[in-house]
Amino acid sequence: MQKPGLPEGTRDFGPEQSRRRAYIFETVRTVFIKYGFQPLETPAMENLSTLTGKYGEEGDQLLFKILNNGDFLKNADPDILTTKNSARLVPEISKRGLRYDLTVPFARFVVMNRHALTFPFKRYQIQPVWRADRPQKGRYREFYQCDADVIGSESLQYEAELVQIYDEAFAKLHIPVQIKINNRKALFGIAEAAGITDRFTDMTVAIDKLDKIGMDGVRRELTDRGIPAAATELLEKILSAPSINALRPVFAASETGLKGLEELDRVFRFLEKLPLQNDLVFDITLARGLSYYTGCIFEVVAKGVSMGSIGGGGRYADLTGVFGMPGLSGVGISFGADRIYDVLEALACFPKSLTTSVPVLFVALDDATHAYAFECVSRVRAAGIPAELYPEPGKLKKQFEYAAKLNIPLVAIAGETEMQNKTIAVKNQQSGEQRTMALEELMTTLGA
RNA sequence: GAGGAUGUAGCUCAGCCGGUUAGAGCGCAAGUUUGUGGCACUUGAGGUCGGGGGUUCGAAACCCCUCAUUCUCCCCA
């Protein structure tokens with residue numbers, strides 16, 4: 001016998017968890033559909049060549065690789081085998097991997113199906129992704145993303161729409177959030193102003209941590225990364241007055257920087273007269289890791305819960321270029337369903353109705369009434385009402401306990417008398433009240 | 001990749017410096033109640049103390065190794 005277990009960072013979802021997760025997916029999906037996004041599903045595994053090189057060096061290490069089938073060592077290069085160089089061995093023995101996000105598979109899909117698609121193409125996708133990261137709080141090795149992307153248009157209208165989607169979905173989920181927005185071009189403008197465009201990535205990584213490690217920490221980080229003191233000083237000045245208008249003079253010499261501010265301005269103007277239920281804030285320190293972002297970038301954090309970001313996204317000018325279809329601009333957002341789950345739990349914000357499986361349980365006392373109850377439960381189901389019948393007639397104690405444990409609010413008892421009178425004794429589990437009624441009345445109560 | 005923490009009953013955990021038959025709460029099963037759950041009481045089942053090795057008269061406890069889980073950093077949803 002072996003002890004059962006799960007791979008690190010993965011989880012089972014019991015009935016209640018599954019119902020709660022479905023609630024999150026449905027809420028998000030409903031909003032996606034409302035904004036005209038179309039469903040898409042792609043395989044769990046992709047060719048490794050599709051995935052590698054898209055997420056930076058770190059990302060490649062976090063990819064789950066799938067071992068080739070068959071005698072995969074037979075054709076592997078013997079030199080590589082003997083040198084034990086893992087990095088070089090991987091392509092020899094693995095040609096597929098689990099997807100790391102939904103955006104790259106989407107780009108692959110768009111390129112492969114360009115003739116069949118109408119642009120701008122808006123798709124949503126709700127599927128699991130896998131990352132070989134070290135699991136910790138709010139971080140799993142298998143987790144769901146709910147993505148909405150539109151590709152084939154540069155209109156900033158879509159940035160505004162995606163903000164509305166975030167706002168609407170989180171309002172529906174009753175999670176108060178802060179939607180942060182920034183623009184990679186604005187970030188580049190800073191680098192230009194500071195004369196450190198060659199250290200752009202180092203710079204963004206450092207200032208991204210401002211709210212976490214403070215200005216002193218950022219200064220240290222910049223110095224450690226070898227950014228000159230003069231540039232650091234200027235950065236400090238810029239970060240201390242972070243509003244779109246305040247940045248304009250700084251970017252006087254940076255065309256890209258000004259363009260970034262302009263784009264941000266457009267997005268805010270779209271939304272100006274349309275009140276949001278959550279905060280939309282410009283945050284110049286927001287950087288986001290994925291290197292393919294080129295324009296506006298988003299991140300969502302829940303207020304009052306320390307959980308990292310529960311959503312993120314942005315615009316990428318040329319995501320499909322690597323697959324041979326350049327010049328197609330896209331913008332998208334992602335909801336981190338698993339973290340949203342954790343936040344909803346921390347906030348105790350799940351609807352109570354999600355704990356009930358069926359509204360009524362039928363119970364019987366002996367074989368004869370069991371048959372009668374079977375008829376009753378069938379008729380109730382035929383009317384479209386979920387219902388259950390306990391499989392063992394007799395001991396009512398057991399049957400009532402079953403109803404209590406499954407949170408079933410009504411128990412319908414079929415006894416000798418009820419069967420003869422074509423009625424059913426219905427007990428309300430919460431109030432303890434019990435009344436004998438015709439089956440039709442029960443169905444009416446349950447809203448048939 | 002770097003560093004901490006924790007592994008004892010189905011679950012959550014107690015078990016202090018090594019010392020008799022390893023405990024509690026919850027849960028589970030049966031009963032008090034053969035047409036009525038939650039409450040109460042009674043009884044019962046259930047443990048290779050993560051695994052391996054070592055120290056010792058004696059190890060759940062101390063040491064080493066190993067496996068697993070979890071948290072932090074890096075990075076991210």
Side-chain angles (χ1 to χ4, degrees), chain A residues 1-11 14 24 28 55-62 86 100-103 126-147 166 201 204-206 208-209 212-213 217 221 224 286-291 298-302 306-314 332-343 361 363-366 369 373 390 393-419 424-434 436:
Chain A
M1 197 187 77
Q2 66 175 55
K3 216 193 267 181
L6 281 173
E8 192 183 3
T10 66
R11 303 150 300 156
I24 296 172
V28 173
Y55 310 105
E57 223 174 284
E58 292 238 8
D60 283 357
Q61 292 184 330
L62 299 181
S86 303
Y100 179 92
D101 72 357
L102 301 178
T103 310
I126 299 176
Q127 288 192 282
V129 303
W130 294 268
R131 295 183 188 178
D133 221 338
R134 255 331 212 311
Q136 53 187 277
K137 186 181 178 182
R139 171 175 298 179
Y140 309 99
R141 287 188 147 180
E142 175 184 66
F143 62 97
Y144 270 70
Q145 291 194 324
C146 314
D147 275 29
Y166 266 146
T201 305
T204 55
V205 169
D208 189 38
K209 297 178 185 169
K212 212 172 185 179
I213 59 178
E221 184 94 15
D224 288 351
L286 176 64
R288 299 202 46 78
L290 294 173
S291 45
F298 308 103
E299 193 160 291
V300 182
V301 291
S306 128
M307 184 54 72
S309 63
I310 54 177
I333 55 170
S334 180
F335 289 77
D338 299 77
R339 284 191 180 173
I340 291 171
Y341 184 102
D342 293 343
V343 168
L361 172 75
V363 304
L365 292 163
D366 53 33
T369 51
Y390 197 82
K395 289 189 185 165
L396 284 180
K397 181 186 168 80
K398 268 197 121 138
Q399 312 199 54
F400 270 91
E401 273 174 0
Y402 180 81
K405 270 174 200 150
L406 268 67
N407 253 308
I408 300 172
L410 296 179
V411 175
I413 308 150
E416 187 70 22
T417 326
E418 286 84 358
M419 182 168 64
I424 201 85
V426 177
K427 177 168 178 180
N428 182 317
Q429 286 279 85
Q430 211 167 17
S431 64
E433 217 178 308
Q434 183 171 324
T436 301

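Chain identifiers are assigned alphabetically (A, B, ...) following the order of the sequence lines, protein sequences preceding nucleic acid strands; residue numbering begins at 1 within each chain.
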Task: Candidate pair Phe335(A) and Tyr166(A), rule side chain to side chain contact (heavy atoms under 4.5 Å, CB included), full reasoning - done: CA-CA 8 Å; Phe335(A) 289 77; Tyr166(A) 266 146; 3.5 Å; yes

Open item on the list: As a quick check of understanding, evaluate side chain to side chain contact (heavy atoms under 4.5 Å, CB included) for Tyr140(A) and Asp342(A), giving each step before the final call.
Closed with: CA-CA 12 Å; Tyr140(A) 309 99; Asp342(A) 293 343; 2.7 Å; yes

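Between the side chain of Arg339(A) and the backbone N or O of Ser309(A) there is at least one donor-acceptor pair closer than 3.5 Å. Side-chain atoms of Gln430(A) do not come within 3.5 Å of backbone N or O of Pro409(A) as any donor-acceptor pair. No side-chain donor-acceptor contact under 3.5 Å links Thr10(A) to the backbone of Leu6(A). Remark: side-chain polar atoms of Arg141(A) are not paired, donor with acceptor, to backbone N or O of Arg134(A) under 3.5 angstrom.
Among the heavy atoms of the strands, none lies under 4.0 Å from Gly59(A). Among the atoms of the strands shown, only primed sugar atoms or phosphate atoms (P, OP1, OP2) are found under 4.0 Å from some heavy atom of Val205(A). Leu365(A) comes within 4.0 angstrom of a nucleotide base, judged by non-hydrogen atoms across all strands. Nucleic acid contact for Pro128(A): none, since no nucleic acid atom lies under 4.0 Å from a heavy atom of the residue. Tyr144(A) comes within 4.0 angstrom of nothing in the nucleic acid, heavy atoms only. As judged by a 4.0 angstrom heavy-atom cut-off over every strand, Ile213(A) is placed among residues making no nucleic acid contact. Ser334(A) comes within contact range of no nucleotide atom at all, as no heavy-atom separation falls under 4.0 Å. Gly394(A) comes within 4.0 angstrom of no nucleic acid atom, judged by non-hydrogen atoms across all strands.
Here the CG atom belonging to Asp208(A) is positioned 9.5 Å from the CD1 atom belonging to Ile213(A), to the nearest 0.5 angstrom. Taken from CG in Leu365(A) to CD in Glu416(A), the straight-line distance is 9.0 Å, to the nearest 0.5 Å. Taking NZ from Lys427(A) and OG1 from Thr436(A), the interatomic distance works out to 12.5 Å, rounded to the nearest 0.5 Å. Here the CD1 atom belonging to Ile340(A) is positioned 5.0 Å from the CD1 atom belonging to Ile310(A), to the nearest 0.5 angstrom.
Side-chain atoms of Glu418(A) and base atoms of G35(B) include a donor and an acceptor less than 3.5 Å apart. Within 3.5 Å, no donor on the side chain of Arg134(A) pairs with an acceptor on the base of C76(B), nor the reverse. Taking only distance into account, the side chain of Lys397(A) never meets the base of U36(B) through a donor-acceptor pair shorter than 3.5 Å. Contact of Gln399(A) with U36(B) (side chain to base): no donor-acceptor pair of N or O atoms is detected under 3.5 Å.
Ring-plane geometry between Tyr100(A) and Tyr55(A) is classed as tilted, the angle between the planes lying from 30 to 60 degrees on a 0 to 90 degree scale.
Nucleotides G4(B) and U12(B), compared at atom C1', are 23 Å apart to the nearest Å. Nucleotides G27(B) and C63(B), compared at atom P, are 37 Å apart to the nearest Å. Separation of the C1' atoms belonging to C17(B) and C11(B) is 31 Å when rounded to the nearest angstrom. Comparing the C1' positions of A22(B) and A14(B) gives an interatomic distance of 11 Å, to the nearest angstrom. The separation of U55(B) from U42(B), taken at their C1' atoms, amounts to 47 Å, rounded to a whole angstrom. The same atom, C1', is picked in G3(B) and in G47(B); the two are 34 Å apart, to the nearest Å. Between U69(B) and G51(B), the distance separating the two C1' atoms is 15 Å to the nearest Å. With both ends at atom C1', the span from C16(B) to A60(B) equals 14 Å, rounded to whole Å.
The side chain of Gln136(A) contributes no N or O atom lying less than 4.0 Å from OP1 or OP2 of U70(B).
If you measure from atom CD1 of Ile126(A) to atom C1' of A77(B), you get 14 Å, rounded to the nearest angstrom. Rounded to an integer number of Å, the gap from Asp208(A) CG to A77(B) P is 11 Å. As a whole-Å value, the separation of Lys137(A) NZ from U69(B) C1' is 17 Å. To the nearest angstrom, C1' of G1(B) lies 14 Å from CD of Glu8(A). Computed from coordinates, the Leu396(A) CG to G38(B) P distance equals 13 Å when rounded to whole Å. Rounded to an integer number of Å, the gap from CG of Asp338(A) to P of C76(B) is 18 Å. One interatomic measurement links the two molecules: NZ of Lys395(A) to P of U32(B), which rounds to 9 Å at whole-angstrom precision. Between the CZ atom of Phe400(A) and the P atom of U33(B) there is a distance of 19 Å, given to the nearest Å.
Annotated stems with RNA chain B as a participant read B:1-7 with B:67-73, B:10-13 with B:23-26, B:28-32 with B:40-44, B:50-54 with B:62-66, given as range with range, by first number; only runs of 3 or more Watson-Crick or G-U pairs under 3.5 Å qualify.
Comparing G35(B), C74(B), G37(B) by their nearest atom to the side chain of Ala404(A) picks out G37(B). The side chain of Ala425(A) sits closest to G35(B) out of U72(B), C75(B), G35(B). Nearest to the side chain of Lys427(A), among U36(B), A77(B), U69(B), sits U36(B). For Arg139(A), counting side-chain heavy atoms from C-beta on, the closest listed nucleotide (C75(B), U70(B), U36(B)) is C75(B).
Here the closest non-hydrogen pair linking Val363(A) and Tyr390(A) is CG1-CB, 4.4 Å. Residues Gln429(A) and Ala404(A) approach most closely at NE2-N, 3.7 Å, considering heavy atoms.
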Between the protein and nucleotides 27-29 of chain B, list every N/O to N/O distance that falls short of 3.5 Å.
from: C28(B); atom 1: OP1; to: Lys405(A); atom 2: NZ; distance (Å): 2.7

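Residue order along RNA chain B, read from the 5' end via each residue's closest nucleotide, puts Gln434(A) first among Gln434(A) and Pro7(A).
Per the stacking criterion (ring centres < 5.5 Å, plane angle < 30°), Phe143(A) stacks onto the base of A77(B).
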